[in-house]
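See below for the structure under consideration.
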2 protein chains.
Amino acid sequence: MTLDLPKGRAPSIRDVARLAGVSHQTVSRVLNDHPSIRDSTKAKVLQVMEDLQYRPNRAARALSRGRSRTIGLLSAESAYGPASSIAAIQDAAQEAGYYVNTANLTNVDPESIEAALDHLMNQSVEGIVVIAPQVRVFDVLEQLSIDVPFVTLSSRGLLNDNSLSVDQMTGARQATRHLIDLGHRQIYHLAGPQDWIEAEARMRGFLDEMWEKDVPTMAPILGDWTADFGYHAGRELLRMRDFTAIFASNDQMALGFMHACREAGLVLPRDMSIVGFDDIPEAAHFWPPLTTVRQDFAELGRRCIALLLSSLSDGAPSERPEPIVPQLVVRGSTAPPLF
Amino acid sequence: MTLDLPKGRAPSIRDVARLAGVSHQTVSRVLNDHPSIRDSTKAKVLQVMEDLQYRPNRAARALSRGRSRTIGLLSAESAYGPASSIAAIQDAAQEAGYYVNTANLTNVDPESIEAALDHLMNQSVEGIVVIAPQVRVFDVLEQLSIDVPFVTLSSRGLLNDNSLSVDQMTGARQATRHLIDLGHRQIYHLAGPQDWIEAEARMRGFLDEMWEKDVPTMAPILGDWTADFGYHAGRELLRMRDFTAIFASNDQMALGFMHACREAGLVLPRDMSIVGFDDIPEAAHFWPPLTTVRQDFAELGRRCIALLLSSLSDGAPSERPEPIVPQLVVRGSTAPPLF
DNA sequence: TGCTCGTATGTGCACGGTCACAATTGTGAT
DNA sequence: ATCACAATTGTGACCGTGCACATACGAGCA
């Protein structure tokens, strides 16, 4: 004759306590793995929990402990990279017992950014991961003087020093050097939007390498990450064939550019060498397979959470993690210039 | 002489109440836009809130109301489609005042699924969106007899009738018909993993159309959605050139297959017609630009939330929404067979 | 004036956990 | 048996908000 009282609502810790013949506090101790609980008591309580299909109420726990165990993710899901880091972030957070709440950024006007941040703050997140590394986002973050720790994937460590990144500059230099070593001297750079910190870093890497190798530089084209842009930019650029190679700031733009090349009758890579950035899974199957710079987004996401969690617990961030060095992957889209 | 007491902790409604010279309940009423509050009182309270930088405590609110205003998102971020629906889902939910918590599924073994669901349930989500439409996920959902409403993006409406989908079958039939109309008779289908409901629906669409048009069918190849698979499958298939067209269940596999074709020296689309599925933004820039079936993932995501929210408030789902009909986009990768 | 009614506000408790502290039980040495 | 002390368990308050109900105020009407 098991009498379960919980009529309408979900069973609470006190319901469990009553049925197990203990106090609610003892149940709480079982929940939190308190050391001094007799095994027999623990077993009894666990049994009742099982019977009642008891689930701790997260809100209550958060309220009394004053900790939400939730982290906010501010994302501008526009490129491939972020998408694959996000999964890693969520996994890592979940493993650490945290919940992840995501807010998307469709526009980058300050109001949207503020609204998204507000949404996150309203839910008492303990920390924020920013995966929309646009300059403006940081400005807003700075102005609002957010009082929770936050980490970002950007490459320059403003604020907090809580930033983490693939070393974009080095990657871009590798790509550029590869083209120069092949003998190219007229090289364009198809850059990303300049309010993206990563785009800026890649561009700077390109310019630095060109300058160091003493190759005359052509003004970078500012794009928007999309294949469409790469295509249209390509159609424009190819009117004057005053270059033999191009370094695109991501693989999508590289793909669009290749499309334009072929429409213009160029044979790749004979007439034009192309390097991308990111190494999306499809890049190996472009035609020709794309030479590009591989970033380990998943690793990035994991480290990101690690950094945030450490700054959540210790207060101070742990020792500065090594930047992840990206890797040039040479495939078929690059060759020496015709002459 | 503004005396703010809140020393360590964040200000609560009682702090606001005290400083505004009203009761905590009045503050609560202001928060919830209760009709009968004098404008002057409301203004006063709002002012104090502003001064104190007051933010309502979500946990407390959830606790006392018994509603978390959170929905869970169970996702298996493997294909392109989901990624772009997710953003739409989050936006729509946010607009409706809900928070979205995401759990990722890396494996599809029952334990992982259960763990992910558990994670979501533990945080008292009010509803769940399943965006990992694999058969097993449903089995687990069924077994666990989850007691919160859930919606899914699949195409067959098991359980709850809370499913929503692009009409995959129709899309697949359109693609197949296009190839048949061009004159192809030996057509392969590169299917997705069979535990994916969508993969199954697309395959069935293919088979149905072939059967109806009385074209002899060749056994579908079961793939895994990746471009890599498309490539390797292509290398195998092309040893025997016993077909003139292929319908791939997504664009990535189509891309990999194109890669294999070119390696084998085929000229596209002269020697081989290819149709994909999804219309990822890059598809228009493949070489040749890919004929494919466009799905409106964003719309799907929005409807998904609409459906879930209605079943959250009304209890019963609103009238069954129309399935979204996908659209065939004919580009350069299809042509009549050589003969 | 006394009564009713609607608007505006206050009071006290409940929600489901955790915390600090008190109380009880068990153990071993004397 | 007695005591000190550790191990185990219980008691009550509290976290911040919303709800049900009570109260105060003012207007309209007999």
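Here the structure is a predicted model, which is why all the values come from computation and not from measurement. So that the names make sense, note that chain A is the first sequence line, chain B the second, and so on, each numbered from 1.
- OP1 and OP2 of dC15(C) both lie 4.0 Å or more from every side-chain N or O belonging to Asn57(A).
- Checking dC15(C), dG16(C), dT9(C) against every side-chain atom of Ser12(A), the shortest atom distance belongs to dG16(C).
- The cationic group of Arg302(B) does not satisfy the cation-pi geometry with Phe297(B), failing either the under 6.0 Å distance to the six-membered ring centre or the 45° limit from the ring axis.
- Counting only heavy atoms from C-beta outward, the side chains of Ile86(B) and Ser75(B) approach each other to under 4.5 Å.
- Looking at the side chain of Leu63(A), the nearest of the listed nucleotides dA8(C), dC15(D), dG17(C) is dC15(D).
- Backbone-only engagement by Ile37(B) is indicated by non-hydrogen atom pairs under 4.0 Å involving sugar-phosphate atoms exclusively.
- For Ser23(B) and dT11(C), the shortest distance from a side-chain N or O to OP1 or OP2 is not below 4.0 Å.
- Using a 4.5 Å cut-off on side-chain heavy atoms (C-beta onward), His34(B) and Thr26(B) make no contact.
- For Asp33(B), the salt bridge (Lys or Arg N to Asp or Glu O under 4.0 Å) test picks out Lys42(B), with sequence neighbours left out.
- Between the CZ atom of Arg18(B) and the P atom of dT11(C) there is a distance of 14 Å, rounded to whole Å.
- Residue-level contact check: His34(A) touches neither bases nor backbone, having no heavy atom under 4.0 Å from any strand.
- At whole-Å resolution of the value, CZ in Arg14(B) and P in dG12(C) are 11 Å apart.
- As a whole-Å value, the separation of Ile13(B) CD1 from dC15(C) C1' is 14 Å.
- Defined by atom type and a distance below 3.5 Å, a donor-acceptor pair is present between the side-chain atoms of Arg58(B) and Thr70(B).
- Side-chain contact between Leu46(A) and Met49(A) is present, with at least one heavy-atom pair separated by less than 4.5 Å.
- Straight-line distance from the NZ atom of Lys42(B) to the P atom of dT9(C): 12 Å, rounded to whole Å.
- Here Glu126(A) pairs with Arg67(A) in a salt bridge; the nearest charged N to carboxylate O distance falls below 4.0 Å.
- Within the nucleic acid shown, Val22(B) comes within 4.0 Å of sugar-phosphate atoms alone, with no base atom in reach, counting heavy atoms only.
- Spacing between atom CG of Leu31(A) and atom C1' of dG17(C) amounts to 9 Å, rounded to whole angstrom units.
- In the helix from dT1(C)-dA30(D) to dT30(C)-dA1(D), the rotation axis of the first five pairs and that of the last five pairs differ in direction by 50°, rounded to 10 degrees.
- Inter-residue side-chain proximity for Gln94(B) and Gln90(B) is flagged as unmet; no heavy-atom pair is nearer than 4.5 Å.
- Separating the CZ atom of Arg65(A) from the P atom of dG17(C) is a distance of 11 Å, rounded to the nearest angstrom.
- The CD atom of Gln25(B) sits 17 Å away from the P atom of dA24(D) (whole-angstrom rounding).
- Looking only at side-chain heavy atoms (C-beta outward), Leu74(A) and Phe150(A) stay at 4.5 Å or farther from each other.
- The base of dT18(C) does not come close enough to the side chain of Ser64(A) for any donor and acceptor atom to sit less than 3.5 Å apart.
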Check nucleotides 22-26 of chain C against the protein and report each pair of N or O atoms closer than 3.5 Å, with its distance, or say if there are none.
none

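- A heavy-atom distance below 4.5 Å is not found between the side chains of Val148(A) and Leu120(A).
- To the nearest angstrom, P of dC15(C) lies 14 Å from NE2 of His24(A).
- In this structure, Thr26(B) reaches the dG10(C) phosphate: one of its side-chain N or O atoms is under 4.0 Å from OP1 or OP2.
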